[in-house]
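To start, the structure itself, in structure tokens.
For clarity, every value in this text was computed on a predicted model and none was experimentally measured. A, B, ... follow the sequence lines: proteins, then strands. Residue 1 opens every chain.
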Amino acid sequence: VNRLCMLLTALNGSRDPEDIQAASDRYFAEIPDEDLAWGVFLLRGGRLKRQCPPAVLKQWCVDTSGIPPWLVEECIAASRDNAEAVALIIPSAGQAAEQRLSRVMGVLKQIEVLPVDHKREPVIKAWSELRPYHRVLFNRLLMGRSLTNLPAQVVHRSLSKRTDQREEIIAFRLGQEWDVLDDDLHAFLHRRDDTDSHWFAYPFHPVGPLEGEPEHLGNPLLWVADTLRGQNRVQIIKRGGAMHLWSDGGEWMEERAGNGFLRNALPDGTVLECSVSPQRTLSAHDILEYSGEDIRTRSVEERRELLDAVLRGAPPERLTASGRIAFSDWDALRTAREGIRDRGTHILLKRNGGVIDTDARTDRWRLWRADPLTIDAVLLSVRRSDGGVAPPYSEMTLAVWTGDRLVPCARVHPSLPEHEMTEIVRFVENNTTERFGPVRSVSPSLVFTIGFDAVRNSARRKSGLALTNPRILRWHRTRRLTEAATLDQLRAMVMVETW
Amino acid sequence: MGMYVAHHHTVPLLHLRLGKSIRTHGLEYGEVIERKGVQISLHPAGHVAGSAQVRLESGDEVCVVSGDYKLEDDGVCRPYEPVRCNTLVTESTFGLPIYRWRPQGEIMGELHSWWGENQRRERASVVYCYALGKAQRLLRHLDGSQGPILAGENIINTTELLAHHGYPLPLPRRIDPGLTTDAIRRSLILLPPSGLPDSLLRLISPFSATYVSGWMATGKGRGARGVPGGFVLSDHADWEGLNRAVAASGARNVFVMHGYTSSFARWLRGQGYRAEEVVAE
């Protein structure tokens, strides 16, 4: 558990991908075999069933520490994380012995089936046997939270070094059918399977955002521009008569997007890189394998020719070639970008003559994101963080007008500056009209500008619309309630298929 | 014009920070001076070199103003000594029971292994810490045989001054372009939270950075400083320390200032003390 804690501490706040990979590698190199499966499970963001509500945990903390409830509350307010506060409040008698991760997870799985009252004793016993920071982890799992949002790819890469198995195979097997309680992970990953060679994907070429204006990239003649229908990238793999989809997060995706259509259209031995639109159509902008040959080291122009050749057979309603914008100076590209009819179309800049190379640090592709669509919407309710770290709310629900009613249109993460969050917390406290679990409904009065990449029809939602990638852009203090957008305005933004 | 009365080790630090023109009067711990019928003496607070609790006595009333203090012996400054009094004014920077420190030996062990890991990856190790107090505490306990120890200008000046006054402190090296790349990659570099000018930052890159402070105890504290990891080591008393100090003083009246004042005062009232928070202007 100690190694896992140190890894999580090291990851917390680390933004350098090299640091993250090194920390993960070190963890996986050092842990004993018996902890491997749980380590993989937890670091891939796995969580257990929520075992007890925060209030119960607090009560047990009061019982064991002798700290009065009001002071426990103040500690939670200070740490903003009840799993952490409870763990740190409990006094430790000396340094507890190090516990195996597999043992702690065993305890958690054992009590999973017990009624809450019966969990009290084992939980308190576990607390007494764990060090304070290990209790934090224990409590988070007890509350059904995941420990990290480390990209799965990082875990797969480390595991690949540990188990001597190819990263792609690990990703595929874990993504497809793995259960942490299953047999030996080593054996599972090394199981012989003759179809292995059929579905492996290539590592994705790194992409960075275009920061500032494209002029920073230097001579425009050294770049080519492809259009992307969405920010998610996948590889379509057609080998041995079967089709596989891999996301750039290293995850194997179930057969989706009706790719049965594609099966006949793409020749065997083809790997394409595509962007996925909000409507889940695919738009290919690169080719990595042609006629069973790895062509990543061919130039971007050569690959484009082969891509176009392959796509002549694909049914256009499912898979198209992405557009390539011809430009000779940055202003021309800027004009072309503004002229793109479909909002939510991004531009991917690749270096002219460049090859595909996973380790390309300096030769990253650059993503010039589409400007977001925006509307003004009214705050309807907030969901309190489940004792999570800041911010105090995990979600804000915003609404637009339909007639004189407000209908929810988006749930967003409250990414606002801290001082605004403080004001909003105060507003919520004074204006709550209804409580439902962690959700607080408030009297409508605050207006926010939200941005999103696309709108599509969705029968599952009250509004009949779903926003892609909604986020808060700002708190619009001067907007009056009546000036917020209407559902009709939002409907008018539903993306029209143009191909 | 007013005068600063301080422990005589603090006097040069006052001159370093406030200039030569100020008037000062240095005292030894336990030495008594009298002003307007009040007997005044200073007593070790264990916070940083020269830090003191102030004892005031007049007639039957003895009052102690703790200032910042910690109970653990940090190996640099004179350790905290409890002073009996009727009225105690205590700090409460970490006056919540989530703040419970581990012995500095354990923390130093972890810091060394973090340093070792960075050395294996051929990266410098940057440790952000306060120039007075934490920096000297780290220098006192860091193992110079593991690699070169460097520091920012401010930390070197403060440390030199204290070493000059008899504190047994090893002096760190300056960060200058004369250092070999290999030396930098193996080094541990103490920097004040304000960091370094860009030119020197470039010199020591690539590096891993961490922060040594009591605030590293919570995820919120770590997040606020924008560095991964962090080591929990403080020159303030933790929850247990505050409670032990209050009990050891024998005071029935306690005033609480700095930090979680209202929580700690309320807790003390629950423990039978007459306690109030002081709101500093």
* Structure fact -> Under 4.5 Å to a heavy atom of chain A? For Arg123(B) that would be side chain
* To do: Over 60° means perpendicular and under 30° means parallel, so classify the ring planes of Trp215(B) and Phe94(B), tilted if in between.
  => tilted
* Asked: Would Arg471(A) and His413(A) satisfy side-chain contact (heavy atoms from CB on, under 4.5 Å), going step by step from the backbone distance to the final call?
  -> CA-CA 7 Å; Arg471(A) 62 260 187 199; His413(A) 181 79; over 6 Å; no
* For atom NZ of Lys161(A), decide whether the heavy atoms of other residues, nucleotides or ligands shown that lie under 6.0 angstrom number more than 12. => yes
* Side chain, backbone, both or neither: which part of Pro91(A) has a heavy atom under 4.5 Å from chain B? -> both
* Structural part of Trp239(B) lying under 4.5 Å from a heavy atom of chain A -> side chain
* Distance under 6.0 Å and angle within 45° of the ring axis: does Arg252(B) meet both against Tyr273(B)? -> yes
* Go through the atoms of Glu110(B) and report whether side chain, backbone, both or neither lie under 4.5 Å from a heavy atom of chain A. => neither
* Does any heavy atom of chain A fall under 4.5 Å from the side chain of Glu117(B), the backbone, both, or neither of them? -> side chain
* Less than 4.0 Å between a side-chain N and a carboxylate O, is that true for Glu276(B) and Arg269(B)? -> no
